[in-house]
Protein chains: 2
Amino acid sequence: MDFDDRIPIYYQIKQYICQEIIVGHFKPEDKIPAVRQLALTLTVNVNTIQRALAELVNDGILESKRGRGNFVTADLKRLNEMKHSIVEEQLALVYDRLTDLQITPEEMVRDLTDYIDKRKGEKQND
Amino acid sequence: MDFDDRIPIYYQIKQYICQEIIVGHFKPEDKIPAVRQLALTLTVNVNTIQRALAELVNDGILESKRGRGNFVTADLKRLNEMKHSIVEEQLALVYDRLTDLQITPEEMVRDLTDYIDKRKGEKQND
DNA sequence: TATAGTGTAATAGTAAACTAATACACTAAT
DNA sequence: ATTAGTGTATTAGTTTACTATTACACTATA
């Protein structure tokens with residue numbers, strides 16, 4: 001995995017795992033890969049994985065069972081909240097940043113639409 | 001100034017200075033505050049200011065004149081590129097992240113519009 | 001020419017994230 | 001009971017961002 005070196009790796013791993021849950025690669029109540037396996041896959045140290053997982057356990061996203069593994073929570077409501085808050089966090093980031101640059105909400109929507117069109121245009125050339 | 005502790009301070013200072021230029025607080029060819037003054041205002045060390053400024057000089061946004069101060073470039077084209085790339089960087093971030101979460105471009109625009117409405121609603125209660 | 005204001009450089013020390021390595025504790029299955 | 005697979009904890013060391021401090025170099029001006 002390629003990390004953004006401006007952001008702590010353990011934080012990006014948290015995001016990665018949430019993402020895998022949201023898109024359904026890790027399902028509710030399912031066991032996720034072992035810490036040593038994740039460390040190999042993501043090419044980071046076990047401690048770094050551990051730190052990310054500990055926070056996700058604390059957030060109620062994962063449950064850890066000693067000797068058995070880490071499991072995605074069965075609490076669907078919690079998972080839904082998680083997805084919603086991640087999306088909202090992203091929107092808040094871009095909204096606040098562009099507001100600071102004196103870009104109006106109307107311009108933001110237009111800029112985003114333009115950007116999407118641009119990306120769609122690029123997709124043709126794949 | 002309050003910093004996001006997930007991102008290096010010097011990087012956030014770069015963003016802050018670009019922002020002040022874009023919104024017109026620091027104008028082309030104008031002198032920006034002295035490094036020691038910025039350090040006081042932003043409550044960080046001079047070296048941290050220096051690091052941010054050095055990168056902005058390297059980016060062609062500022063010009064440094066020993067014994068006189070740091071000045072915003074007179075190159076309006078460069079400043080325009082800067083603004084454009086910052087906006088695009090923000091849009092790319094949110095686009096990529098939401099795409100990873102299997103949110104379609106159409107949903108993104110709708111989500112952003114909804115979020116804007118929500119923020120406008122909050123504004124009433126200020 | 002002396003002085004105040006400026007950018008620049010260098011050194012030392014601190015804190016946090018990360019790595020490396022090892023050991024321990026629990027579970028399940030042979 | 002042994003063993004393989006798992007989570008957890010600890011210790012030591014590296015790297016990077018940041019701070020603190022001091023010194024130096026240049027500019028403008030009184």
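Chain naming here is simple, since letters A, B, ... match the order of the sequence lines and numbering starts at 1 in each.
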Inset, instruction - Treat primed atoms plus P, OP1 and OP2 as sugar-phosphate and everything else as base, then score nucleotides 19-26 of chain D 5' to 3': B for base contact with protein heavy atoms under 4.0 Å, S for sugar-phosphate contact only, - for none. - result: BBB-B-SB

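If you take CD1 of Ile7(B) and P of dA17(C), they are 14 Å apart, rounded to a whole angstrom. In this structure, Leu53(A) places its CG atom 13 Å from P of dC18(C), rounding to the nearest Å. Here dA16(C) presents its P atom at 14 Å from CD of Glu55(A), a figure rounded to the nearest Å. In this entry the distance linking CG of Asn70(B) with C1' of dT27(D) reads 14 Å, nearest Å. Rounded to an integer number of Å, the gap from CD of Gln37(A) to P of dT6(D) is 8 Å. Residue Lys65(A) contributes atom NZ, which lies 12 Å from atom P of dT8(D) at whole-angstrom precision. Separating the CD atom of Gln50(A) from the C1' atom of dT10(D) is a distance of 13 Å, rounded to the nearest angstrom. To the nearest angstrom, C1' of dT8(C) lies 16 Å from CZ of Arg51(B).
Comparing Lys31(A) and Tyr11(B) by the nucleotide of DNA chain D that holds the closest heavy atom to each, the one mapping nearer the 5' end is Lys31(A).
Heavy-atom minimum distance, Pro105(A) versus Ile116(B): CB-CG2, 3.6 Å. Of all heavy-atom pairs between Cys18(B) and Ile86(B), the closest is CB-CD1, 3.8 Å. Pro28(B) and Val72(B) make their closest contact through CA-CG1, 3.7 Å (heavy atoms, listed as atom of the first residue, atom of the second, distance).
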Legend entry - side-chain hydrogen bond (donor to acceptor under 3.5 Å, both in side chains) assessment of Ser85(B) paired with Glu89(B): CA-CA 6 Å; Ser85(B) 70; Glu89(B) 184 189 1; over 6 Å; no

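Side-chain contact check for Phe26(B) versus Asp30(B): every heavy-atom pair is 4.5 Å or farther apart.
By the ring pair (Phe, Tyr, Trp, His ring centres under 6.0 Å) test, Tyr95(A) is found to be paired with Tyr115(B), residues two or more places apart in sequence or in another chain being considered.
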